[in-house]
A.B. asks: 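Take a look at this one; I'll ask things after.
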Amino acid sequence: MAHFNQNFLDSIERDLPSHLSMEDFIAYSNKPLRLSIRVNTLKISTENFIDLMSAKGWSFDPIPWCNQGFWVTISSDLQLGNTIEHLQGLFYIQEASSMLPPTALFDSHADNENDLSQFAQTRVLDMASAPGSKTTQIAALMNNQGLLVANEYSASRVKVLHANVARMGVSNCALTHFDARVFGEYLFETFDSVLLDAPCSGEGTIRKDPDALKNWDNNDNKGIVDTQKALIESAFLALKVGGCLVYSTCALSRQENQDVCHHLKTAFGEAVEFAALTELFPDADKACTEEGFLHVWPQIYDSEGFFVAKIRKVSAVERTLPEPKMQKNFPFTAAKTKQIEELTAYFEDSFAITLPTDAEIMVRDLEFWLFPKAVMPLIGKMRFQRIGIKLADALKKGYKVRHEAILALSSPTRFELSDEQAKEFLMGRDISLVEKVKPQGEVIVSYASNPLGVAKHLGNKLKNNLPRDLVKDKIALYQ
Ligand SMILES: C[S@@+](CC[C@H](N)C(=O)[O-])C[C@H]1O[C@@H](n2cnc3c(N)ncnc32)[C@H](O)[C@@H]1O
């Protein structure tokens with residue numbers, strides 16, 4: 001049962017549109033949330049995923065605003081996060097309303113969904129990214145093309161963000177770790193699209209956390225609102241003319257939502273245009289404010305509360321601070337032709353993986369990395385935590401492939417494991433082979449034809465090469 005206090009209820013009553021009732025708001029806030037997931041199309045098509053999981057007792061109900069999103073009913077009490085399919089990155093457990101902002105950001109591209117290279121030159125900024133539900137959704141919408149800069153202020157949450165980006169096979173991402181107020185200054189008018197999924201008071205999440213509003217006090221929000229206003233200004237400055245910004249929160253009050261967008265309009269005047277989201281999906285108008293923002297109250301679509309505004313930058317604005325000096329000492333250099341040839345041959349011969357030619361192979365000491373091309377002009381303008389994916393380490397003789405490369409780059413060859421073998425592999429154990437055969441060296445091991453990682457085939461067993469930090473104590477198996 002959700003715990004509300006009277007201050008909170010009074011504030012909702014003030015902001016709730018007249019066609020919605022307080023009774024429904026309270027009733028839906030007390031109802032458990034429907035379980036929803038998003039299929040990761042970087043790894044599997046939606047149709048194949050539905051086939052795969054229907055056979056395991058799942059049923060699917062499409063989410064109207066996300067082609068890859070589904071409410072699911074599951075005929076077992078398995079912990080979804082411990083299933084092999086989750087660890088393989090085939091899906092992300094994501095609340096339905098949280099899928100709205102990326103859909104709004106890319107709605108003008110929806111008609112060209114099959115043009116897989118339409119984002120090759122596109123730069124997108126996700127200013128407040130962790131744990132990465134929207135970052136990984138955006139990367140999938142971009143089909144790993146172009147550049148996605150994913151920023152997170154909290155150091156511990158950057159780690160979670162990176163784990164999710166790697167699990168989902170994202171390769172077009174550069175991670176940064178800043179207070180996102182800096183983007184307008186460091187990367188002025190650089191991005192075609194910006195998502196600001198802002199830190200907020202989280203009132204919309206009451207259905208997940210009944211205690212979220214126990215001690216709610218309107219006055220506590222002042223600091224958050226100041227941060228939101230500073231961040232939206234920074235987002236707008238970092239946006240190219242003609243580009244769009246999506247501002248979203250899981251807060252319900254006007255102050256953290258509409259007022260923040262109006263603040264931007266006051267600050268930048270005619271350069272700011274609110275883009276109506278009335279047509280984003282059938283019935284979107286039920287949640288639209290007079291400005292065309294989506295204000296999703298829990299009872300409208302039986303979801304968490306959410307707010308989404310789309311804002312277009314229609315003309316140039318003055319930059320507020322001078323361009324910072326370029327930073328030196330970037331530790332990577334471009335790989336030489338011979339190095340590229342050798343590494344390319346290693347990936348081809350060992351794993352039948354063709355390294356993408358629309359990315360840069362970079363070297364740092366003995367490490368080989370694959371950087372998205374679109375990041376190159378930004379090098380030196382700000383510090384990056386991690387760019388693209390690490391491909392391999394050079395050894396005295398040959399290379400050692402990295403797990404994240406195997407998860408991000410597709411290969412037609414694999415060593416298929418059974419349910420029990422896949423479980424053993426993810427628990428970090430070696431796998432004995434019944435028949436002794438000729439050793440095959442490094443092999444990609446897979447489950448249901450989707451890669452799990454790399455093992456060394458020694459003839460009578462598979463030696464486990466799963467990175468230690470990915471080893472699990474528990475794996476949930478469907479019987
Ligand atoms: C609503 S959560 C983001 C959720 C994320 N977009 C997702 O979909 O998984 C807001 C995030 O903003 C981060 N944050 C807080 N203050 C920030 C700041 N000044 N700059 C950048 N990020 C900030 C928080 O640590 C938190 O991870």
Side-chain angles (χ1 to χ4, degrees), residues 36-38 40 65-66 68-69 81 89 91-106 124-141 148-168 170 173-187 191 193-206 208-209 212 221-238 245-252 256-257 260 296 303-309 382-385:
S36 53
I37 61 100
R38 179 175 51 76
N40 181 17
W65 49 84
C66 177
Q68 301 75 29
F91 69 97
Y92 199 108
I93 304 166
Q94 184 173 355
E95 212 290 306
S97 52
S98 140
M99 299 174 197
L100 278 165
T103 301
L105 198 61
F106 288 130
V124 179
L125 170 63
D126 183 359
M127 288 178 99
S129 305
S133 58
K134 298 176 195 73
T135 307
T136 54
Q137 185 180 353
I138 292 171
L141 287 169
L148 171 57
V149 174
N151 178 69
E152 170 56 46
Y153 192 27
S154 145
S156 59
R157 288 172 67 88
V158 174
K159 289 195 187 126
V160 182
L161 172 65
H162 173 246
N164 278 325
V165 161
R167 179 175 66 85
M168 302 296 272
V170 172
C173 196
L175 302 185
T176 57
H177 169 39
F178 287 104
D179 180 331
R181 285 172 174 87
V182 302
F183 282 97
E185 178 193 352
Y186 285 9
L187 297 178
F191 294 96
S193 306
V194 179
L195 172 64
L196 171 54
D197 188 38
C200 70
S201 59
E203 296 145 357
T205 61
I206 178 99
K208 224 184 306 182
D209 175 9
N221 292 352
K222 169 89 176 72
I224 293 178
V225 171
D226 288 346
T227 302
Q228 290 162 340
K229 289 179 176 169
L231 291 179
I232 201 171
E233 284 188 31
S234 172
F236 196 70
L237 291 169
L245 148 72
V246 163
Y247 173 77
S248 56
T249 72
C250 54
L252 295 171
E256 292 189 56
N257 293 324
V260 174
V296 176
S303 68
E304 273 191 340
F306 228 83
F307 177 85
V308 186
M382 78 187 314
R383 184 196 292 271
F384 292 95
Q385 287 287 110

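Note that ligands are numbered from 1 as they come in the structure, with each ligand's atoms numbered from 1 the same way.
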A.B. asks: Less than 3.5 Å between some nitrogen or oxygen of Gly132 and one of ligand 1, yes or no?
C.D. replies: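 It does: an N or O of Gly132 is found under 3.5 Å from an N or O of ligand 1.
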
A.B. asks: Could you list which atoms of ligand 1 come closer than 4.0 Å to a heavy atom of Phe178?
C.D. replies: 20 (N), 21 (C)

A.B. asks: With no hydrogens and no angle check, is any side-chain donor or acceptor of Gln228 less than 3.5 Å from a backbone partner on Pro199?
C.D. replies: yes

A.B. asks: Identify, with sequence neighbours excluded, every residue that meets salt bridge (Lys or Arg N to Asp or Glu O under 4.0 Å) alongside Arg383.
C.D. replies: none

A.B. asks: Purely on distance, is any nitrogen or oxygen of Ser98 under 3.5 Å from one on ligand 1?
C.D. replies: no

A.B. asks: So, is Lys134 polar-close to ligand 1, with some N/O to N/O distance under 3.5 Å?
C.D. replies: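 Yes, there is a polar N/O contact under 3.5 Å.
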
A.B. asks: Look only at interatomic distance and state if Thr227 has a nitrogen or oxygen under 3.5 Å from any nitrogen or oxygen of ligand 1.
C.D. replies: no

A.B. asks: Considering non-hydrogen atoms of the protein only, which is the closest contact for atom 22 (N) of ligand 1, and what is the distance?
C.D. replies: Tyr153 CB, 3.5 Å

A.B. asks: How about Tyr153: does its OH atom have over 12 heavy atoms from other parts shown lying under 6.0 Å from it?
C.D. replies: no

A.B. asks: Can you figure out which of Ser156, Ser133, Ala180 has its heavy atom closest to atom 7 (C) of ligand 1?
C.D. replies: Ser133

A.B. asks: At a non-hydrogen distance cut-off of under 4.0 Å, which region of Thr135 contacts ligand 1 (side chain, backbone, both, or neither)?
C.D. replies: neither

A.B. asks: List the closest protein heavy-atom neighbour of atom 19 (N) of ligand 1: residue, atom name, distance to the nearest 0.1 Å.
C.D. replies: Asp179 OD1, 3.0 Å

A.B. asks: Please say whether Ala128 places an N or O atom under 3.5 Å from an N or O atom belonging to ligand 1.
C.D. replies: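 Among all N and O atoms of Ala128, at least one is under 3.5 Å from an N or O of ligand 1.
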
A.B. asks: List the closest protein heavy-atom neighbour of atom 16 (N) of ligand 1: residue, atom name, distance to the nearest 0.1 Å.
C.D. replies: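 It is Pro199 CG, 3.6 Å.
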
A.B. asks: If we only count heavy atoms from C-beta on, is the Asp179 to Leu231 side-chain gap below 4.5 Å?
C.D. replies: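 Yes. Closest side-chain heavy atoms under 4.5 Å.
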
A.B. asks: Taking Ile224's backbone N and O only, do any of them form a donor-acceptor pair with Glu256's side chain (distance below 3.5 Å, no angle check)?
C.D. replies: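 Flag not set: sc Glu256 to bb Ile224 has no pair under 3.5 Å.
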
A.B. asks: Could you find the nearest protein heavy atom to atom 10 (C) of ligand 1 and give me its residue, atom name and distance?
C.D. replies: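 Nearest protein contact, heavy atoms only, for atom 10 (C) of ligand 1 is Asp197 O, 3.7 Å.
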
A.B. asks: I need the atoms of ligand 1 closer than 4.0 Å to a non-hydrogen atom of Asn151, numbered in the order shown.
C.D. replies: 21 (C)

A.B. asks: Which residue supplies the protein heavy atom nearest to atom 25 (O) of ligand 1, what is that atom called, and how far is it?
C.D. replies: Glu152 OE2, 2.6 Å

A.B. asks: Is the closest N or O pair between Arg157 and ligand 1 shorter than 3.5 Å?
C.D. replies: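 N/O-N/O distance under 3.5 Å: yes.
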
A.B. asks: Around atom 4 (C) of ligand 1, find the nearest protein heavy atom and jot down its residue, atom name and distance.
C.D. replies: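 Ranked first by proximity to atom 4 (C) of ligand 1 is Ala130 O, 3.1 Å.
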
A.B. asks: With a 4.5 Å heavy-atom cut-off, do Asp197 and Ser98 have their side chains touching?
C.D. replies: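 Contact flag for Asp197/Ser98 side chains = no.
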
A.B. asks: Does a side-chain heavy-atom distance below 4.5 Å link Ile138 with Leu195?
C.D. replies: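 Result yes, sub-4.5 Å side-chain heavy-atom pair found.
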
A.B. asks: Ignoring hydrogens and geometry beyond distance, is a side-chain donor-acceptor pair present between Asn40 and Thr136 at under 3.5 Å?
C.D. replies: no

A.B. asks: Name all residues meeting the side chain to side chain contact (heavy atoms under 4.5 Å, CB included) criterion together with Ser303; count only those two or more places apart in sequence or in a different chain, and write none if there are none.
C.D. replies: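 Result, side chain to side chain contact (heavy atoms under 4.5 Å, CB included) vs Ser303: Glu95, Ser97, Val296, Tyr301.
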
A.B. asks: side-chain contact (heavy atoms from CB on, under 4.5 Å) with Leu148: which of Val165, Thr135, Leu175, Leu141?
C.D. replies: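 Running side-chain contact (heavy atoms from CB on, under 4.5 Å) over Val165, Thr135, Leu175, Leu141 with Leu148 returns exactly one hit, Thr135.
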
A.B. asks: Counting from 1, what ligand 1 atoms have a heavy atom of Ala198 closer than 4.0 Å?
C.D. replies: 1 (C)

A.B. asks: Would you say the side chain of Ser36 lies within less than 4.5 Å of the side chain of Gln94, judging by non-hydrogen atoms?
C.D. replies: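 Gln94 does not reach Ser36 side chain to side chain.
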
A.B. asks: Under 4.0 Å, heavy atoms only, figure out whether ligand 1 is touched by the backbone of Cys200, its side chain, both or neither.
C.D. replies: neither

